[in-house]
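Contents: one structure, followed by commentary.
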2 protein chains.
Amino acid sequence: MTIQNQELKKVGLKVTLPRVKILQMFENDDVAHISAEEVYKQLQEAGEDVGLATVYRVLTQFEAAGLITKHNFDGNHAIYELASDDHHDHMVDVQSGEVIEFVDPVIESRQHEIAKEHGYEIVDHSLVLYVQPLNAKKEPKV
Amino acid sequence: MTIQNQELKKVGLKVTLPRVKILQMFENDDVAHISAEEVYKQLQEAGEDVGLATVYRVLTQFEAAGLITKHNFDGNHAIYELASDDHHDHMVDVQSGEVIEFVDPVIESRQHEIAKEHGYEIVDHSLVLYVQPLNAKKEPKV
DNA sequence: TTTACTGCAAACTGTTTGCAGTAAA
DNA sequence: TTTACTGCAAACAGTTTGCAGTAAA
(Lines give C-alpha, C1' and ligand atoms only; values in the text may rest on other atoms or scores of the structure.)
Protein backbone atom coordinates (compact mmCIF):
# COMPACT_ATOMS: atom_id res chain seq x y z
CA MET A 1 0.00 0.00 0.00
CA THR A 2 1.40 3.38 -0.97
CA ILE A 3 2.07 6.24 1.37
CA GLN A 4 -0.76 8.24 -0.15
CA ASN A 5 -3.23 5.43 0.47
CA GLN A 6 -2.24 5.31 4.11
CA GLU A 7 -2.52 9.06 4.52
CA LEU A 8 -5.96 9.10 2.97
CA LYS A 9 -7.23 6.27 5.13
CA LYS A 10 -5.80 7.90 8.21
CA VAL A 11 -7.95 10.98 7.65
CA GLY A 12 -11.01 8.90 6.83
CA LEU A 13 -11.20 9.45 3.09
CA LYS A 14 -11.81 6.65 0.63
CA VAL A 15 -8.83 5.88 -1.55
CA THR A 16 -9.90 7.06 -4.97
CA LEU A 17 -7.95 7.91 -8.07
CA PRO A 18 -8.51 11.69 -7.96
CA ARG A 19 -7.41 11.86 -4.34
CA VAL A 20 -4.31 9.74 -4.81
CA LYS A 21 -3.27 11.64 -7.92
CA ILE A 22 -3.76 15.02 -6.32
CA LEU A 23 -1.94 14.03 -3.14
CA GLN A 24 0.94 12.70 -5.20
CA MET A 25 1.07 15.97 -7.01
CA PHE A 26 1.56 17.93 -3.81
CA GLU A 27 4.17 15.51 -2.59
CA ASN A 28 6.11 16.16 -5.73
CA ASP A 29 8.44 18.99 -4.76
CA ASP A 30 8.43 21.08 -7.87
CA VAL A 31 4.74 21.85 -7.68
CA ALA A 32 4.84 23.02 -4.11
CA HIS A 33 2.49 25.99 -4.53
CA ILE A 34 -0.38 25.38 -6.87
CA SER A 35 -3.93 26.56 -7.60
CA ALA A 36 -7.05 24.45 -8.17
CA GLU A 37 -7.03 25.34 -11.83
CA GLU A 38 -3.41 24.24 -12.14
CA VAL A 39 -4.09 20.96 -10.39
CA TYR A 40 -6.92 20.39 -12.84
CA LYS A 41 -4.78 21.26 -15.83
CA GLN A 42 -1.99 18.93 -14.76
CA LEU A 43 -4.44 16.08 -14.33
CA GLN A 44 -5.79 16.71 -17.80
CA GLU A 45 -2.31 16.71 -19.26
CA ALA A 46 -1.60 13.45 -17.46
CA GLY A 47 -4.65 12.04 -19.19
CA GLU A 48 -6.67 11.67 -16.00
CA ASP A 49 -10.37 12.36 -16.44
CA VAL A 50 -11.03 14.28 -13.23
CA GLY A 51 -13.57 17.08 -13.10
CA LEU A 52 -12.75 20.56 -11.87
CA ALA A 53 -15.49 20.29 -9.27
CA THR A 54 -13.83 17.20 -7.88
CA VAL A 55 -10.51 19.00 -7.69
CA TYR A 56 -12.12 21.73 -5.61
CA ARG A 57 -13.87 19.18 -3.43
CA VAL A 58 -10.71 17.19 -2.86
CA LEU A 59 -8.66 20.28 -2.08
CA THR A 60 -11.29 21.40 0.42
CA GLN A 61 -11.30 17.97 2.05
CA PHE A 62 -7.51 17.85 2.18
CA GLU A 63 -7.42 21.24 3.81
CA ALA A 64 -10.04 20.22 6.36
CA ALA A 65 -8.01 17.09 7.06
CA GLY A 66 -4.88 19.16 7.57
CA LEU A 67 -3.04 17.59 4.65
CA ILE A 68 -2.67 20.84 2.76
CA THR A 69 -2.81 24.56 3.47
CA LYS A 70 -4.67 27.26 1.55
CA HIS A 71 -3.30 30.74 0.83
CA ASN A 72 -4.76 33.86 -0.72
CA PHE A 73 -1.75 35.64 -2.13
CA ASP A 74 -3.98 37.77 -4.29
CA GLY A 75 -7.70 38.28 -4.24
CA ASN A 76 -8.34 36.15 -7.30
CA HIS A 77 -7.42 32.52 -6.86
CA ALA A 78 -6.36 30.42 -3.90
CA ILE A 79 -3.00 28.65 -3.76
CA TYR A 80 -2.50 25.35 -1.94
CA GLU A 81 0.61 23.68 -0.59
CA LEU A 82 1.39 20.52 1.32
CA ALA A 83 0.98 21.15 5.05
CA SER A 84 4.20 20.95 7.00
CA ASP A 85 4.84 21.02 10.72
CA ASP A 86 7.23 23.89 10.50
CA HIS A 87 5.51 27.22 10.07
CA HIS A 88 6.83 29.51 7.37
CA ASP A 89 5.94 32.67 5.48
CA HIS A 90 6.07 33.45 1.79
CA MET A 91 7.82 35.68 -0.67
CA VAL A 92 6.25 36.01 -4.10
CA ASP A 93 8.44 37.06 -7.02
CA VAL A 94 6.09 39.44 -8.82
CA GLN A 95 7.95 38.97 -12.08
CA SER A 96 8.10 35.20 -12.28
CA GLY A 97 5.28 34.27 -9.93
CA GLU A 98 7.68 32.02 -8.06
CA VAL A 99 6.93 31.45 -4.39
CA ILE A 100 9.76 31.27 -1.87
CA GLU A 101 9.32 30.14 1.73
CA PHE A 102 11.11 31.62 4.69
CA VAL A 103 11.01 31.69 8.47
CA ASP A 104 12.16 34.46 10.74
CA PRO A 105 12.11 33.95 14.51
CA VAL A 106 12.42 37.68 15.12
CA ILE A 107 9.27 38.47 13.15
CA GLU A 108 7.45 35.53 14.68
CA SER A 109 8.07 36.62 18.24
CA ARG A 110 7.36 40.29 17.54
CA GLN A 111 3.99 39.31 16.15
CA HIS A 112 3.01 37.63 19.38
CA GLU A 113 4.25 40.55 21.44
CA ILE A 114 2.31 43.01 19.35
CA ALA A 115 -0.90 41.02 19.61
CA LYS A 116 -0.48 40.75 23.36
CA GLU A 117 0.18 44.48 23.68
CA HIS A 118 -3.21 45.04 22.11
CA GLY A 119 -4.93 42.51 24.36
CA TYR A 120 -5.15 39.78 21.76
CA GLU A 121 -3.65 36.42 21.03
CA ILE A 122 -2.81 35.22 17.54
CA VAL A 123 -5.09 32.64 15.98
CA ASP A 124 -3.38 32.66 12.63
CA HIS A 125 -1.36 35.04 10.51
CA SER A 126 -0.31 35.74 7.00
CA LEU A 127 2.86 37.45 5.88
CA VAL A 128 3.60 37.79 2.20
CA LEU A 129 6.45 39.78 0.74
CA TYR A 130 5.97 40.75 -2.88
CA VAL A 131 9.49 41.02 -4.24
CA GLN A 132 11.53 41.44 -7.38
CA PRO A 133 15.11 40.43 -8.11
CA LEU A 134 17.68 42.98 -6.92
CA ASN A 135 18.86 45.33 -9.66
CA ALA A 136 15.67 44.86 -11.63
CA LYS A 137 14.19 48.11 -12.84
CA LYS A 138 11.75 49.40 -10.28
CA GLU A 139 8.05 49.42 -10.89
CA PRO A 140 5.49 50.99 -8.58
CA LYS A 141 3.81 48.55 -6.19
CA VAL A 142 1.34 46.06 -7.61
CA MET B 1 -15.13 74.27 -2.22
CA THR B 2 -14.91 71.31 0.05
CA ILE B 3 -11.79 69.29 0.73
CA GLN B 4 -13.20 66.33 -1.16
CA ASN B 5 -13.83 68.44 -4.25
CA GLN B 6 -10.24 69.61 -4.23
CA GLU B 7 -8.88 66.11 -3.82
CA LEU B 8 -10.98 64.81 -6.68
CA LYS B 9 -9.93 67.61 -9.01
CA LYS B 10 -6.33 67.13 -8.06
CA VAL B 11 -6.41 63.55 -9.32
CA GLY B 12 -8.31 64.50 -12.46
CA LEU B 13 -11.73 63.13 -11.60
CA LYS B 14 -14.94 65.06 -12.15
CA VAL B 15 -16.63 66.11 -8.96
CA THR B 16 -19.75 63.97 -8.89
CA LEU B 17 -22.09 63.02 -6.10
CA PRO B 18 -21.07 59.36 -5.86
CA ARG B 19 -17.40 60.26 -5.66
CA VAL B 20 -17.84 62.98 -3.08
CA LYS B 21 -20.07 60.81 -0.92
CA ILE B 22 -17.74 57.84 -1.05
CA LEU B 23 -14.67 59.94 -0.34
CA GLN B 24 -16.45 61.51 2.61
CA MET B 25 -17.24 58.06 3.88
CA PHE B 26 -13.60 57.08 3.95
CA GLU B 27 -12.61 60.31 5.60
CA ASN B 28 -15.07 59.54 8.35
CA ASP B 29 -12.94 57.70 10.90
CA ASP B 30 -15.34 55.08 12.13
CA VAL B 31 -15.66 53.38 8.77
CA ALA B 32 -11.94 53.12 8.22
CA HIS B 33 -11.94 49.61 6.72
CA ILE B 34 -14.85 48.89 4.46
CA SER B 35 -15.89 46.68 1.54
CA ALA B 36 -17.55 47.70 -1.72
CA GLU B 37 -20.77 46.08 -0.61
CA GLU B 38 -20.70 48.02 2.65
CA VAL B 39 -20.04 51.29 0.86
CA TYR B 40 -23.03 50.55 -1.31
CA LYS B 41 -25.24 49.65 1.63
CA GLN B 42 -24.33 52.80 3.50
CA LEU B 43 -25.14 54.93 0.48
CA GLN B 44 -28.50 53.22 0.18
CA GLU B 45 -29.24 53.84 3.82
CA ALA B 46 -28.29 57.47 3.37
CA GLY B 47 -30.89 57.63 0.61
CA GLU B 48 -28.33 58.12 -2.15
CA ASP B 49 -29.23 56.41 -5.39
CA VAL B 50 -25.81 55.11 -6.39
CA GLY B 51 -25.40 51.82 -8.24
CA LEU B 52 -23.15 49.03 -7.02
CA ALA B 53 -21.26 49.10 -10.31
CA THR B 54 -20.49 52.77 -9.74
CA VAL B 55 -19.22 52.00 -6.26
CA TYR B 56 -16.80 49.46 -7.71
CA ARG B 57 -15.74 51.86 -10.45
CA VAL B 58 -15.16 54.70 -8.02
CA LEU B 59 -13.21 52.50 -5.62
CA THR B 60 -11.03 51.29 -8.47
CA GLN B 61 -10.42 54.86 -9.62
CA PHE B 62 -9.64 56.02 -6.09
CA GLU B 63 -7.17 53.21 -5.69
CA ALA B 64 -5.51 54.01 -9.01
CA ALA B 65 -5.32 57.64 -7.91
CA GLY B 66 -3.69 56.64 -4.65
CA LEU B 67 -6.54 57.99 -2.52
CA ILE B 68 -7.38 54.62 -1.03
CA THR B 69 -5.74 51.23 -0.53
CA LYS B 70 -7.16 47.79 -1.23
CA HIS B 71 -6.67 44.73 0.97
CA ASN B 72 -7.56 41.06 0.65
CA PHE B 73 -7.85 39.93 4.23
CA ASP B 74 -9.75 36.87 3.14
CA GLY B 75 -10.24 35.36 -0.28
CA ASN B 76 -13.81 36.55 -0.61
CA HIS B 77 -14.21 40.30 -0.68
CA ALA B 78 -11.77 43.19 -0.84
CA ILE B 79 -11.51 45.79 1.92
CA TYR B 80 -10.58 49.41 1.25
CA GLU B 81 -9.18 52.10 3.50
CA LEU B 82 -8.09 55.69 3.10
CA ALA B 83 -4.48 55.79 1.94
CA SER B 84 -2.09 57.29 4.45
CA ASP B 85 1.57 58.21 4.17
CA ASP B 86 2.55 56.09 7.11
CA HIS B 87 2.73 52.41 6.33
CA HIS B 88 1.03 50.04 8.72
CA ASP B 89 -0.06 46.43 9.02
CA HIS B 90 -3.33 44.92 10.20
CA MET B 91 -4.74 42.78 12.92
CA VAL B 92 -8.19 41.31 12.31
CA ASP B 93 -10.29 40.26 15.29
CA VAL B 94 -11.75 37.01 14.01
CA GLN B 95 -14.65 37.23 16.43
CA SER B 96 -15.83 40.78 15.81
CA GLY B 97 -14.34 41.40 12.38
CA GLU B 98 -12.76 44.56 13.74
CA VAL B 99 -9.58 45.70 12.03
CA ILE B 100 -6.74 47.19 14.08
CA GLU B 101 -3.73 48.91 12.56
CA PHE B 102 -0.20 48.64 13.88
CA VAL B 103 3.38 49.38 12.91
CA ASP B 104 6.48 47.59 14.05
CA PRO B 105 9.89 48.87 13.00
CA VAL B 106 11.54 45.59 13.96
CA ILE B 107 9.34 43.58 11.63
CA GLU B 108 9.68 46.17 8.90
CA SER B 109 13.45 46.08 8.88
CA ARG B 110 13.65 42.29 9.17
CA GLN B 111 11.47 42.00 6.09
CA HIS B 112 13.92 44.02 4.05
CA GLU B 113 16.87 42.07 5.36
CA ILE B 114 15.22 38.77 4.54
CA ALA B 115 14.36 39.83 1.03
CA LYS B 116 17.91 41.02 0.49
CA GLU B 117 19.34 37.75 1.84
CA HIS B 118 17.41 35.98 -0.89
CA GLY B 119 18.55 38.37 -3.59
CA TYR B 120 15.34 40.33 -3.78
CA GLU B 121 13.99 43.72 -2.92
CA ILE B 122 10.51 44.31 -1.56
CA VAL B 123 7.95 45.77 -3.92
CA ASP B 124 5.06 45.48 -1.52
CA HIS B 125 4.06 43.34 1.40
CA SER B 126 1.10 42.20 3.40
CA LEU B 127 1.06 41.21 7.03
CA VAL B 128 -2.19 40.29 8.68
CA LEU B 129 -2.55 38.86 12.17
CA TYR B 130 -5.80 37.05 12.78
CA VAL B 131 -6.42 37.44 16.48
CA GLN B 132 -8.92 36.92 19.25
CA PRO B 133 -9.26 38.68 22.60
CA LEU B 134 -7.01 37.23 25.29
CA ASN B 135 -8.77 34.74 27.57
CA ALA B 136 -11.32 33.90 24.92
CA LYS B 137 -11.85 30.18 24.50
CA LYS B 138 -9.55 28.86 21.84
CA GLU B 139 -10.78 27.77 18.48
CA PRO B 140 -8.63 26.10 15.84
CA LYS B 141 -7.30 28.43 13.19
CA VAL B 142 -9.73 29.87 10.66
C1' DT C 1 -22.11 71.33 -26.05
C1' DT C 2 -18.78 68.13 -25.36
C1' DT C 3 -17.10 64.44 -22.83
C1' DA C 4 -16.85 62.05 -18.62
C1' DC C 5 -19.83 59.70 -15.63
C1' DT C 6 -23.82 56.90 -14.21
C1' DG C 7 -27.37 53.11 -13.57
C1' DC C 8 -28.88 49.02 -15.27
C1' DA C 9 -28.47 44.51 -16.74
C1' DA C 10 -25.76 41.25 -18.68
C1' DA C 11 -21.15 39.04 -18.62
C1' DC C 12 -17.25 37.00 -16.22
C1' DT C 13 -14.15 34.42 -12.88
C1' DG C 14 -13.34 31.51 -9.24
C1' DT C 15 -15.76 28.37 -6.49
C1' DT C 16 -19.76 25.54 -4.73
C1' DT C 17 -23.69 22.45 -5.08
C1' DG C 18 -27.71 19.20 -6.72
C1' DC C 19 -28.21 15.18 -8.90
C1' DA C 20 -28.04 10.67 -10.96
C1' DG C 21 -24.63 7.45 -11.93
C1' DT C 22 -20.16 4.84 -10.31
C1' DA C 23 -16.96 2.72 -7.54
C1' DA C 24 -14.68 1.80 -2.89
C1' DA C 25 -15.43 -0.89 1.19
C1' DT D 1 -24.68 -4.04 -1.20
C1' DT D 2 -24.21 0.01 1.06
C1' DT D 3 -22.47 4.44 1.16
C1' DA D 4 -19.09 7.61 -0.21
C1' DC D 5 -17.48 9.64 -4.26
C1' DT D 6 -17.60 11.49 -8.99
C1' DG D 7 -18.65 14.20 -13.35
C1' DC D 8 -21.63 17.26 -15.25
C1' DA D 9 -24.13 21.30 -15.49
C1' DA D 10 -26.35 24.66 -13.17
C1' DA D 11 -25.93 27.98 -9.30
C1' DC D 12 -23.35 31.24 -6.74
C1' DA D 13 -20.67 35.55 -4.93
C1' DG D 14 -17.88 39.16 -5.98
C1' DT D 15 -16.55 42.04 -9.54
C1' DT D 16 -16.39 43.98 -14.35
C1' DT D 17 -18.28 45.80 -18.60
C1' DG D 18 -21.42 47.46 -22.73
C1' DC D 19 -24.68 50.63 -23.54
C1' DA D 20 -27.89 54.46 -23.76
C1' DG D 21 -29.02 58.19 -20.97
C1' DT D 22 -27.38 62.17 -17.65
C1' DA D 23 -24.74 65.61 -15.79
C1' DA D 24 -20.17 68.12 -14.99
C1' DA D 25 -17.20 71.33 -17.25
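None of the values given here were measured: they were computed from a predicted structure. Below, read A as the first sequence line, B as the second, and so on, with proteins coming before strands; counting in each chain starts at 1.
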Checklist entry - Under 4.0 Å between a side-chain N/O of A:R57 and OP1 or OP2 of D:dC5, yes or no? => result no

Checklist entry - So does A:S35 get a side-chain nitrogen or oxygen closer than 4.0 Å to the phosphate oxygens (OP1/OP2) of C:dG14? => result no

Next on the checklist: Between P on D:dA13 and CD1 on B:I79, what's the gap in Å once rounded to a whole number?
Outcome noted: 18 Å

Checklist entry - Which comes earlier along DNA chain D counting from the 5' end, the contact point of B:T54 or that of A:G12, where each point is its nearest nucleotide? => result A:G12

Checklist entry - In terms of side-chain heavy atoms of B:K14, which of C:dA25, C:dT3, D:dT15 is nearest? => result C:dT3

Next on the checklist: Looking at D:dG21, which nucleotide sits across from it as a Watson-Crick or G-U wobble partner, both distances under 3.5 angstrom, or is there none?
Outcome noted: C:dC5

Item to check | Among B:T54, B:L13, B:V50, B:L67, side chain to side chain contact (heavy atoms under 4.5 Å, CB included) partner for B:R19 | outcome: B:L13

Next on the checklist: If you assign each of B:L17 and A:T16 to its closest nucleotide in DNA chain C, which residue comes earlier from the 5' end?
Outcome noted: B:L17

Checklist entry - Between atom CG in A:L52 and atom P in D:dA10, what is the gap in whole Å? => result 15 Å

Checklist outcome for this item: Between NZ of B:K9 and P of C:dA4 the distance, given in whole Å, is 16 Å

Item to check | Rounded distance (Å) that lies between atom C1' of D:dT15 and atom OH of B:Y80 | outcome: 9 Å

Checklist entry - Over how many whole Å does the gap from A:N76 atom CG to D:dA13 atom P extend? => result 19 Å

Checklist entry - So, does A:D74 use its side chain to make a donor-acceptor pair with the main chain of A:H77 at under 3.5 Å? => result yes

Checklist entry - Which listed nucleotide (D:dT15, D:dT6, C:dT15) is nearest to the side chain of B:A36? => result D:dT15

Checklist entry - Rounded to the Å, how far apart are A:Y40 OH and D:dG7 P? => result 9 Å

Checklist entry - Side chains of A:Q4 and A:K21: does their closest heavy-atom pair fall under 4.5 Å? => result no

Item to check | Rounded interatomic separation in angstrom, taking CG from A:N72 and C1' from C:dT13 | outcome: 15 Å

Checklist entry - Within the structure, does a side-chain N or O atom of A:R19 lie under 4.0 Å from either OP1 or OP2 of D:dT6? => result yes

Checklist entry - Is there a side-chain contact between B:D89 and B:V128 (heavy atoms, below 4.5 Å)? => result no

Item to check | Stepwise side-chain hydrogen bond (donor to acceptor under 3.5 Å, both in side chains) check, B:H88 with B:E81 | outcome: CA-CA 12 Å; B:H88 60 256; B:E81 72 175 311; 3.2 Å; yes

Item to check | Side-chain N or O of A:Y56 closer than 4.0 Å to phosphate OP1/OP2 of C:dT15 | outcome: yes

Next on the checklist: Tell me whether the side-chain N/O atoms of B:T60 come closer than 4.0 Å to OP1 or OP2 in D:dT15.
Outcome noted: no

Checklist entry - In terms of side-chain heavy atoms of A:V15, which of C:dG7, C:dT6, C:dA25 is nearest? => result C:dA25

Checklist entry - Of all the nucleotides listed (C:dC8, D:dC5, D:dA25), which has the minimum atom distance to the side chain of B:A53? => result C:dC8

Item to check | Atom-to-atom span, CG of B:L59 to P of D:dT16 - whole angstrom | outcome: 10 Å

Checklist entry - Which pair of non-hydrogen atoms, one from B:H118 and one from A:E101, has the smallest distance, and what is that distance? => result CE1-O, 4.3 Å

Next on the checklist: Starting the side chain at C-beta, find the nucleotide from C:dC5, D:dC5, C:dA25 nearest to A:L13.
Outcome noted: D:dC5

Checklist entry - Is D:dA11 paired to anything, Watson-Crick or G-U wobble with both distances less than 3.5 Å, and if yes, which nucleotide? => result C:dT15

